[in-house]
S.K.: 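Got a structure here, written out as structure tokens. Questions coming.
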Amino acid sequence: MSATYYIHNKAFWKLVNMTSPSLQHLFFGTVQLMVAILGSVQGSNTTTPLVIWHGMGDSCCNPLSMGAIKKMVEEEVPGVYVLSLKIGETIIQDTENSFFMDVNAQVAFVCDQLSKDPNLKGGYNAMGFSQGGQFLRAVAQRCPSPPMKTLISVGGQHQGVYGLPRCPGESSHICDWIRKQLNSGAYTDFVQKHLVQAQYWHDPLNEELYRTHSLFLADVNQERVVNKTYKKNLQSLEKFVMVKFLKDTIVDPVDTEWFGFLKPGQAKETETLQESILYKEDRLGLAEMDKAGKLVFLTSDGDHLQFTTEWFNAKLLPYIR
């Protein structure tokens, strides 16, 4: 955005007109230089907005999680606009929806919200925590306007999970209920439609059942048909950053945080993204992105979503400045 300045003092202009042509030339040259410098400073102060999406059992504004992240980013990147997504009218609804609201409906809700936010019209960076990571990837694939520039997935389960060893709030009856529903039939219509975690449950022993009945993950991972628009939109990202937690006790298998997973037909051995059919057939465009240097694989030596401020500032802030 250019800067324009006006001077309305008549006496000042009379004085300028009385000076010699050489002084007038020097004066206007100085003014033009000042305008150029100020305009450049103003332009360099622009920052790319950041959209963040919390994980399971969390909320947009928890002062110990997303609230703290939002504040930290605002302090480290002066002037940045940070939108912490709230799925619902209240914080309580936001938390409950992370367990029970259809993921496709959540993604559509967010896409609509982002399209109506004037602060994002020029594009934005995105940072998703845990399941918020793959949900924001769905936003990138399905909703290219406004454009997402960089996607940072912090512990996101991009190939789904096959286990829930320790969900947030271990003593909560909600976690016990979720385990029972997943064990009784993750791919039944009722569980798929009413339990968020079932929509990214990936059973390697029943791949056909998963591909047929998974309402969310099988679609965004192109495991039924290849949607060329999904692929094109994801490849428009400047960077896709994935963080894996080396001591993760919540996500199973942890390789899913780097887009790896269990080899089909068994539940012990894992394979990397590069070893998967998804990559070899390039169904999402990740192979091309990898070759172009757009994929970034980071690690944090801690449990799920456990990291220090120093690590965050050193590893993630460079991608959102």
Side-chain angles (χ1 to χ4, degrees), residues 53-58 85 87-88 93-114 126 128-144 151 153 155-164 167-168 174-175 177-231 233-234 250-253 256-257 259 261-262 264 267 276-278 281 283-284 286:
W53 196 336
H54 62 80
M56 173 175 63
D58 202 355
L85 294 168
I87 315 302
Q93 286 182 357
D94 187 24
T95 304
E96 291 177 344
N97 286 337
S98 73
F99 290 110
F100 305 121
M101 182 178 177
D102 184 289
V103 179
N104 293 310
Q106 292 192 51
V107 171
F109 177 89
V110 168
C111 287
D112 181 65
Q113 183 178 356
L114 300 184
F129 295 84
S130 196
Q131 68 184 26
Q134 66 259 34
F135 297 172
L136 277 171
R137 175 166 63 85
V139 171
Q141 291 175 208
R142 294 175 176 175
C143 311
L151 171 59
S153 170
Q157 304 91 20
H158 292 282
Q159 280 278 27
V161 297
Y162 186 55
L164 200 67
C167 87
I174 293 179
C175 289
W177 184 85
I178 288 174
R179 289 191 188 92
K180 290 178 181 178
Q181 299 305 312
L182 291 174
N183 290 333
S184 65
Y187 301 119
T188 62
D189 288 342
F190 175 81
V191 176
Q192 278 289 308
K193 292 178 181 177
H194 296 91
L195 182 59
V196 165
Q197 290 68 37
Q199 293 176 51
Y200 57 86
W201 184 263
H202 187 169
D203 186 345
L205 304 178
N206 293 283
E207 288 283 353
E208 186 60 34
L209 191 66
Y210 156 71
R211 284 192 292 268
T212 303
H213 296 285
S214 172
L215 293 180
F216 172 71
L217 191 67
D219 175 65
V220 296
N221 280 3
Q222 309 272 52
E223 298 192 79
R224 286 191 284 265
V225 296
V226 174
N227 184 323
K228 293 182 179 179
T229 300
Y230 281 6
K231 184 175 180 178
N233 290 342
L234 188 63
I250 292 180
V251 175
D252 185 19
T256 188
E257 297 175 354
F259 238 116
F261 201 63
L262 294 160
S276 69
I277 293 176
L278 177 71
E281 295 182 353
R283 300 174 72 85
L284 268 176
L286 294 172

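Hydrogens, waters and symmetry mates play no part in the numbers below; they use all other heavy atoms, side chains included.
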S.K.: If I compare all heavy atoms of V220 with all of A138, which pair ends up nearest, and what's the gap?
M.R.: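 Taking every non-hydrogen atom into account, CG1-CB, 3.9 Å.
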
S.K.: Do V161 and D252 have side-chain heavy atoms sitting under 4.5 Å apart?
M.R.: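 No. Closest side-chain heavy atoms not under 4.5 Å.
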
S.K.: Nearest 0.5 angstrom please: L195 CG to L215 CG, how far?
M.R.: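 Going from CG on L195 over to CG on L215, the span is 11.5 Å.
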
S.K.: How about Y230 and Q222: does a side-chain donor come under 3.5 Å of a side-chain acceptor?
M.R.: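 There is no such pair (donor and acceptor under 3.5 Å, judged by atom type) between the side chains of Y230 and Q222.
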
S.K.: Name the residue from H158, Q157, E257 that meets the side-chain hydrogen bond (donor to acceptor under 3.5 Å, both in side chains) definition with Q134.
M.R.: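 Result for side-chain hydrogen bond (donor to acceptor under 3.5 Å, both in side chains) with Q134: Q157.
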
S.K.: Between G55 and S98, which heavy-atom pair has the shortest distance, and what is it?
M.R.: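 That closest heavy-atom pairing would be O-CB, 4.0 Å.
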
S.K.: CZ of F100 to CD of Q197: how many Å apart, nearest 0.5 Å?
M.R.: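 Reported value, rounded in 0.5 Å steps: 8.0 Å.
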
S.K.: Looking only at non-hydrogen atoms, find the nearest pair between Q199 and F216 and report the distance.
M.R.: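 Looks like O-CB, 3.6 Å.
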
S.K.: Taking the side chain as C-beta and beyond, is there a heavy-atom pair between D58 and F129 under 4.5 Å?
M.R.: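 They are not in contact (no side-chain heavy atoms under 4.5 Å apart), so the answer is no.
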
S.K.: If every non-hydrogen atom of A140 is compared with every non-hydrogen atom of N233, which pair is closest and at what distance?
M.R.: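 In this case the closest contact between A140 and N233 is O-CB, 3.3 Å.
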
S.K.: Which atom names give the shortest non-hydrogen contact between L262 and P253, and what distance separates them?
M.R.: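 That would be CG-CG, 4.0 Å.
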
S.K.: Supply the atom-to-atom distance R137 CZ to L284 CG, rounded to the nearest 0.5 angstrom.
M.R.: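 That separation rounds to 6.0 Å.
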
S.K.: Is there a side-chain contact between L278 and F259 in this structure, where contact means two heavy atoms from C-beta onward sitting under 4.5 Å apart?
M.R.: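 Counting from C-beta outward, L278 and F259 do come under 4.5 Å.
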
S.K.: Can you confirm whether or not the ring centre of Y162 sits under 6.0 Å from the ring centre of F261?
M.R.: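 Ring-ring flag for Y162/F261: false, centres at least 6.0 Å apart.
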
S.K.: Nearest 0.5 Å, what's the CD-CZ distance between Q106 and F135?
M.R.: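 The CD atom of Q106 sits 5.5 Å away from the CZ atom of F135.
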
S.K.: From Q141 CD over to N227 CG, what is the distance, rounded to the nearest 0.5 angstrom?
M.R.: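 Rounded to the nearest 0.5 Å, the CD-CG separation comes to 8.5 Å.
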
S.K.: Could you name each residue pair satisfying side-chain hydrogen bond (donor to acceptor under 3.5 Å, both in side chains) that touches residues 204-215, not counting sequence neighbours?
M.R.: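 Listed by first then second residue: H202-E207, D203-N206, E208-R211, E208-T212, Y210-E223.
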
S.K.: Specify the closest pair of heavy atoms between V139 and C111, including all atoms of both residues, with the distance to one decimal.
M.R.: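 Minimum heavy-atom separation between V139 and C111: CG1-SG, 4.1 Å.
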
S.K.: Taking atom CD of Q113 and atom CD1 of I87, what is their separation to the nearest 0.5 Å?
M.R.: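 Going from CD on Q113 over to CD1 on I87, the span is 6.5 Å.
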
S.K.: Between S130 and M56, is there a side-chain heavy-atom distance shorter than 4.5 Å?
M.R.: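 No, side chains not in contact.
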
S.K.: Do N104 and R142 get their side chains close enough for a donor-acceptor pair, meaning under 3.5 Å?
M.R.: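 Indeed, the side chains of N104 and R142 share at least one donor-acceptor pair under 3.5 Å.
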
S.K.: Just wondering, more than 12 heavy atoms not from L209 lying within 6.0 Å of its CG?
M.R.: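 Yes, the 6.0 Å shell around CG holds more than 12 heavy atoms from other groups.
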
S.K.: Check whether any side-chain heavy atom of F109 lies under 4.5 Å from a side-chain heavy atom of N97, and answer yes or no.
M.R.: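 A side-chain contact is absent here, since even the closest heavy-atom pair is not under 4.5 Å.
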
S.K.: Could you check if a side-chain atom of L85 sits within less than 4.5 angstrom of a side-chain atom of D94, using non-hydrogen atoms only?
M.R.: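 Not in contact.
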
